[in-house]
Amino acid sequence: MRYLPLTPEDRAAMLAEIDVRSIDDLFVDVPKSAQRAGLVDLPLRQGELEVERALKALAAKNTPAGSTAFFIGAGAYRHHVPATVDHLIQRSEFLTTYTPYQPEIAQGTLQALYEFQTQVALLTGMDVANASMWDGSTACAEAAMMATRVTKRGKIVASGGLHPHYAEVTRLICESNHIAFAQRPTHVDGEADVIGEIDADTAAVIVQSPNFFGTLTDVTNIAAAAHAKGALLIFVFTECVSLGLVKSPGEMGADIAVGEGQSIGNALNFGGPYVGLFATRDNLVRQMPGRLAGETVDAEGKRGFVLTLSTREQHIRREKATSNICTNSGLCAMAWTIHMTLLGETGLRQLAAINHQKAIELADALSGVKGVELLTPRFFNEFAIRLPNPAAEVIEALLKHGVMGGVPLSRLKPGVMDDVAIVAATETNTAADIQAFAAALSKVLA
Amino acid sequence: MRYLPLTPEDRAAMLAEIDVRSIDDLFVDVPKSAQRAGLVDLPLRQGELEVERALKALAAKNTPAGSTAFFIGAGAYRHHVPATVDHLIQRSEFLTTYTPYQPEIAQGTLQALYEFQTQVALLTGMDVANASMWDGSTACAEAAMMATRVTKRGKIVASGGLHPHYAEVTRLICESNHIAFAQRPTHVDGEADVIGEIDADTAAVIVQSPNFFGTLTDVTNIAAAAHAKGALLIFVFTECVSLGLVKSPGEMGADIAVGEGQSIGNALNFGGPYVGLFATRDNLVRQMPGRLAGETVDAEGKRGFVLTLSTREQHIRREKATSNICTNSGLCAMAWTIHMTLLGETGLRQLAAINHQKAIELADALSGVKGVELLTPRFFNEFAIRLPNPAAEVIEALLKHGVMGGVPLSRLKPGVMDDVAIVAATETNTAADIQAFAAALSKVLA
Amino acid sequence: MTQLRSTRGAAGDYAVETTVSGSRAMLQAAWLLFEYGATDRMGVDLAAPGNRPDRLGGLARNEPIGLPGLSEPETMRHYVRLSQRNYAIDLGLFPLGSCTMKHNPRLNERMARLDGFADIHPLQPQSTVQGALELIDQLAHWLTTLTGMPAVAMSPKAGAHGELCGMLAIRQALIARGEDKIRTRVLVPSAAHGTNPATAAACGFSVDEVPGTEDGRVDVAALKAKLGPDVAAVMVTNPNTCGLFERDVKEIADAIHAAGGYFYCDGANYNAIVGRVRPGDLGVDAMHINLHKTFSTPHGGGGPGAGPTVLSEALAPYAPTPFVVRDGEGFKLIEHVEGEAGEAFGRMVAFHGQMGMFTRALSYMMSHGADGLRQVAEDAVLNANYVLARLKRKFDAPFAAAGPCMHEALLSDVTLKAKGLETVDLAKALIDEGYHPMTVYFPLVVHGAMLIEPTETESKAELDRFCDVMLALAERVEAGEVDFFKTSPRFTPVRRLDETRAARQPVLRWRRGRNDDPARQAAE
Amino acid sequence: MTQLRSTRGAAGDYAVETTVSGSRAMLQAAWLLFEYGATDRMGVDLAAPGNRPDRLGGLARNEPIGLPGLSEPETMRHYVRLSQRNYAIDLGLFPLGSCTMKHNPRLNERMARLDGFADIHPLQPQSTVQGALELIDQLAHWLTTLTGMPAVAMSPKAGAHGELCGMLAIRQALIARGEDKIRTRVLVPSAAHGTNPATAAACGFSVDEVPGTEDGRVDVAALKAKLGPDVAAVMVTNPNTCGLFERDVKEIADAIHAAGGYFYCDGANYNAIVGRVRPGDLGVDAMHINLHKTFSTPHGGGGPGAGPTVLSEALAPYAPTPFVVRDGEGFKLIEHVEGEAGEAFGRMVAFHGQMGMFTRALSYMMSHGADGLRQVAEDAVLNANYVLARLKRKFDAPFAAAGPCMHEALLSDVTLKAKGLETVDLAKALIDEGYHPMTVYFPLVVHGAMLIEPTETESKAELDRFCDVMLALAERVEAGEVDFFKTSPRFTPVRRLDETRAARQPVLRWRRGRNDDPARQAAE
Ligand SMILES: Cc1ncc(COP(=O)(O)O)c(C=O)c1O
Ligand SMILES: Cc1ncc(COP(=O)(O)O)c(C=O)c1O
């Protein structure tokens, strides 16, 4: 087998050195009844050619986003990732290395993470960021748990605009830990709605901007209200490109900013792997989950980087750790930081501006279709529309016109606002795509 | 522009340091009349996204071989190249380096070339090989010229089975150098035909096996005949995988073995870049064209590699050089040597056996189609068939059945044997492909 | 200016010449991005945005962000240079015990990047992603068949997330039984990986540590003694973190089941038994599988991974959403707790899990097949035992008498301590010899532990070279060459790093002026 | 065994510790494939071949071949380790004059690998490759528009092959004029690249060398004096190999035309003028364009490249086969000399040229556009002049007074010679500083020439660092630190290599027993 270097002669020599007769002698500790003599009932080994053929056949059963006029967002966004990014993250030295536990031979990863942390902190306007979480939704749940540790309180309040998956994930973790999780009713433009729910046991409020309906919210007042009651403000974003154009959570008073980083550097990948971004204020860093790269010096006084503050982590603190996370999203973070380096501030701002303009163009085009109502008052690159028919049916019908026209809200929140679809535009959409969408929608609704 | 790091401020500062006022001052030596003020009439710069979109649209106008039942060979062969190969040749250190003129920082390329040379020598059964030529056809022409230098004679005799393109290229170079080029008439199985043409002025005979019609020939007697008259035998191959299964040119008495290496490590690429293999005997090495890596030691006695015997080459010997080649096919040679390392002798033999068996299967299947005659008596993975209709028409008709069923001889040799097609099979063809071909051919000929 | 100096006082007396550039031949100087990037530089060309009036509702960003950019060529160099400061499997042996650093085939990378897998959105209409759902179903089939378990939850993002999945399924089962308020204690062996107790705590259980025996296994008697009506589960790693198979695994399973609890098995070491032993035959209720360990998806410098979690009949009904079911000729993704997923404990993550890792893992499994995977386990175990056999001559192997090891060999620091050295010193000397050190100081139950996992993708020749080096270093230990070890590594881009300083005075991000390169500051 | 030793006698007194493994931290030992591969090992899994009786006609191979194989993980390591012994553009400045080592965008790599370009056979029916033909046509359009020439031959495989193309077109034109037997002499300046005389000779011309002037240009008077009825062509490089623009290019063109010959322009340095100056406006009859220089296709350690050759009205009819023509809505590939290609001089290569390079080059051109390409030329020239301005203070720049340089700056070894040093010594010291040396000893017309081509993809900061290093080294030259230079490089995987020995006792391949590693032999 091509991945296995041992030859039959090697194996024989090694068994002799170990002083056993056969490989079975090395498995003596396995209960007899659990020893399987034969092979499991699965196909035998195959060459690259055969495996590639089979997997390509599976891939061919999917419709790539890029082969359609594509307008789905709702937490994952189709952006153009420069070829340089994918080239670099495939370098053996990044791809096939481990968590940088031996810093002297992992300065590459460590410096890149240190730079990543700095970029995330700058982008969110926060003091400090960690080296990545699994994705935006688990980052959100971790933020909630962190808030309970910081405040020693037992309740989390979430807005009705929080991404439904994020809410489900966070609710699950909270409730498993006997933390109350109160989510406000679904609302296109109601982030401030959380204020009334804040009480003396509230650890944090979770608000999202742009929220699930694409609505932008100035959370400054919400943060003030939370702080007045000793609660933290957790700011969630699912489209990190928005931060190139809109006020940062730091600026608006967030204590923890978490979100999905997929938009920068990472492909859609049917939902994963993605990269959770997690940033907070300096004074909260010791309650932060996840790995942290930090600066130090070597024996000669030269600058170098190491993983640090690991007494927060499971491998040191065990059941008292700030999180159970171990393997994170290292390579996705690497992709993120490389893409962000290519953009720089000017590029990011321009990319964000393009996204916003495309979304406006799309909103105008769709609003012009009879029966379509634009629901989102302020948006970045995504908004909700109300349709005259159930959104799921409309979206399905659009498919036949080569258009993937968003996500029906009912897919994520069954039973609520069946006639609403969430629609996103990015720099990858051409004017022709937008026209095709509007035209197809007219036909479908006709 | 993303590839240009200079900023406007940089440019100003640099002009100041150079002590000129504007960039135009640096172009003062260009005649005024040739200075162009404006831009040439071509599109302006575009981002990655736009360029990718445009080029993907062009690519989509082609039919990839892999999307059909594919049986074209005739000098370029569709083989499976392991993913490892393409990954490795894309490493910055191989991809973006130059000819290893500074050996202390080019040991990677140099050692790989030394290994490549050794592998080519082993495969061909020759003493020594160079570091690659542009492709098989130019290697063939170079071999002819080398033979004239070695023998100081003025005539080259080529078999009628030599690949028509190779013959054209070699004829052109010979005739430009006032060397007579005598090619025997086209013949499916007539390599030995050259013997009668050898005279006292013959520098070399060029024979091919498998030849253009796929026919295998034992050239031992031809070599003996050439040697008897003081001429060299140049052995040509276009399918280097064949050497895993059949006798090597070295074994059969060749003085120079040249051929196309594309089959190993390299994609079809619509004809290029490919990699010319060039091997010869030790005593002829100083007349060899192309670069050579050789072993030496460093100042501490450690083994190392350098480019050597460069007094043969244009940059030293100028008009007396053995060739004008400079840039060669380095990275394709790298791909070749990596693929060959993955195969090893056992793998190469097995790959060759699969190819041969697929070709037999195909020959049997096609012979079973009414009106089709198998012309090639002994073959490796390619053979000629005679069709009842003009081959070009049949091939065209097969397309509609999703079959690329070989090459009509008329495409390469117009006017000769219009009813003959050259058909190849490789490990990439499934039994279903072969059946599809036979079935489609039946229909087309019905 | 250029200067000859001997700065290595602390590191031994090695005369060193510095360079003007700060680079040394191919080892290029690597500045921080922030030290030479600029906010107005970039490595992209973007179309001009349109100019319709914005719809940001006054939320436009006014303040500068401060994100530096670089041109594309500079970006390329920045990261290529950084990359060369990393060790990697592709460079040499990476015998990190418990981490399973095996060869990562590039076929898998190629497959994961097919447009049909990489360029599909998790919320596309299901009719347009049938191939993706089929792939998940196929992978699930491989995993359940290999493990002999009836069900698998595919969405966990990593091993620890899989642990969470298993423990939440257990909690849900307890809720169904009305015992969730009672059964709140989870037993975890002292040798367990940190994620086990952390996970148990992360979903609200209390953790009770079970001691180990002299021979590196769970103390079954002690475990039984701790069982009771408040115990929800035991979390046992098998093969365990000492590299041994828990001989009494069935007894443990029976005992916890008899006590009304569940058996969570940490499957991080499943690579030692894949294709040969089925956890389903051992009484396991839940076990995560690190696709990034057993099934070769790359570790990427820390992630991403994937932690599909197989579940017993008892727990299968509580598997989280989403999951894939067959639906006539096609496949359906069930995304909500209601309806077909009625008893599901909920959702662990946005969308459907680590598709990119699924593709890679399936590509690996199909390449190996049933035969190859069994060979994987056998060669992994053979390689570890071979290393153990060679090294135990010069190192203390605390459990070498306790039966063969599985996929990893465990040593202690006894021989080092005797000479005033520590495990870390040996590790740093190994670095100079061109090897990534083994896992050090884990498991905690062995003093100065060195856990060596060669994996099946190492050749005998490579293992012999490694053992030769280890034995040669052991001789230097015996010779008491303390200074040599304490000043290692010396051939690395940076020397031994001050981790204490990093933790005491944390500098977790760059800030202009506040933390420029100390060497540079000194030079100025 | 490990040993402390000081072996660097010849290289200065640097105490060095060897390792047991032969590796040094991340610099891994790299054996020859033949020293550890085996003929029965492999890194592929292949299906079982069928078993029909063979049709080889008794030609089956019986003797062993001797080709070693490695498993896939070992293969990966072998080449990753080798790769790290290479310098590359992606690592740092690579200022090889005349070679144009500029940034190689990865977009181009991605585009060239699209199935629609990479997985098409050159002999597929033309109806199935219309996109490929269109791409060739588009690229031809860019090249002819940029150069202002009416036609371009696309099939040449490299620059030298393009030279051959141009010279064969000239020969064909002479044949058409009935003058091929008369006009057999080609004038080539003494500063020309070796491929120029070699190419002229390779197609049967005799070469007559034209001297240069004091200021680094062609001696026009001398050239004119050599013109005559037997002259077929002049081959002039412009910008020339001294990095200067041939001011009198039009006079040269007029003179050769008046004398009945043709003007071949070596376009290797076209990158200095692309988008700003059109060779078509200078009287050029033929000029090759190295896509691997001006248009950024990677050099790949020596190749492949591509050398499309633009042709004047006079030569266009003789362009070689194959070529692409528009055919209604589509495109047609003309493959034979007969018919539409009636006057073509013939075929230079199998198939149709370097498609893989065409895709990359077009991707680069489209990215830059007309505006970007002009900026390419300007920045390339600016960068070179900047380096020249800074370096001429400490180095002899023989033609600095002869006007601005174009894309490359030329120095001589005057200051080195004065201290008993040579160009090679400076080059090797540069290596230690992390730079690839400039082109050395070319052009031949300058003693110990150092030809520095930074290209436009270098930042000012990088150029400043490079100049700082050069100037610091110049100080060490002045200080007469001969030993320092002669023992450079010292930070490389191997020290200075003995090239003389390699040429005197050529060892051009590995043979068992005959050439094992000398260091190993000594050790045994
Ligand atoms: C024994 C053991 N359990 C659990 C884990 C956690 O797995 P992951 O890192 O994928 O979250 C690890 C990882 O190192 C491990 O070694
Ligand atoms: C001036 C000049 N002419 C011609 C060539 C030959 O080009 P190629 O190497 O592509 O054959 C070169 C290449 O170095 C060159 O610098």
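Note that this is a predicted model, so its numbers are computed, not measured. A note on names: the letters A, B, ... follow the listed sequences, proteins ahead of strands, and every chain is numbered from 1.
Neither the backbone nor the side chain of C:L430 comes within less than 4.5 Å of any heavy atom in chain D. Neither the backbone nor the side chain of C:S71 comes within contact range of chain D; no heavy atom of the residue lies under 4.5 Å from a heavy atom of that chain. At a 4.5 Å heavy-atom cutoff, the contact between D:I89 and chain C is made by backbone and side-chain atoms alike. With a 4.5 Å cut-off on non-hydrogen atoms, D:Q84 touches chain C through its backbone and its side chain both. Using a 4.5 Å cut-off between heavy atoms, C:E72 contacts chain D through both its backbone and its side chain.
With chain C as partner, the option from D:L27, D:N86, D:L471 having the largest number of non-hydrogen pairs under 4.5 angstrom is D:N86. When each of C:D90, C:D468, C:D432 is checked for heavy-atom pairs under 4.5 Å with chain D, C:D90 comes out on top. For chain C, the option among D:H78, D:H436, D:H103 with the highest count of heavy-atom pairs below 4.5 Å is D:H103. When D:A461, D:G92, D:G22 are compared by the number of non-hydrogen pairs under 4.5 Å with chain C, D:G92 comes out ahead.
Looking at C:R81, its side chain does come within 3.5 Å of a backbone N or O of D:L91 through a donor-acceptor pair. One N or O on the side chain of D:Q28 and one on the backbone of C:G434 form a donor-acceptor pair closer than 3.5 Å.
Rounding to the nearest 0.5 angstrom, the gap separating the CZ atom in C:R85 from the CE atom in D:M26 is 8.0 Å. In this structure, C:R106 CZ and D:M76 CE are separated by 3.5 Å, a value rounded to the nearest 0.5 Å.
In terms of heavy atoms, D:S21 sits closest to C:Y435 at CB-CE1, 4.4 Å.
Side-chain atoms of C:V20 and D:R465, non-hydrogen and from C-beta on, never get closer than 4.5 Å to each other.
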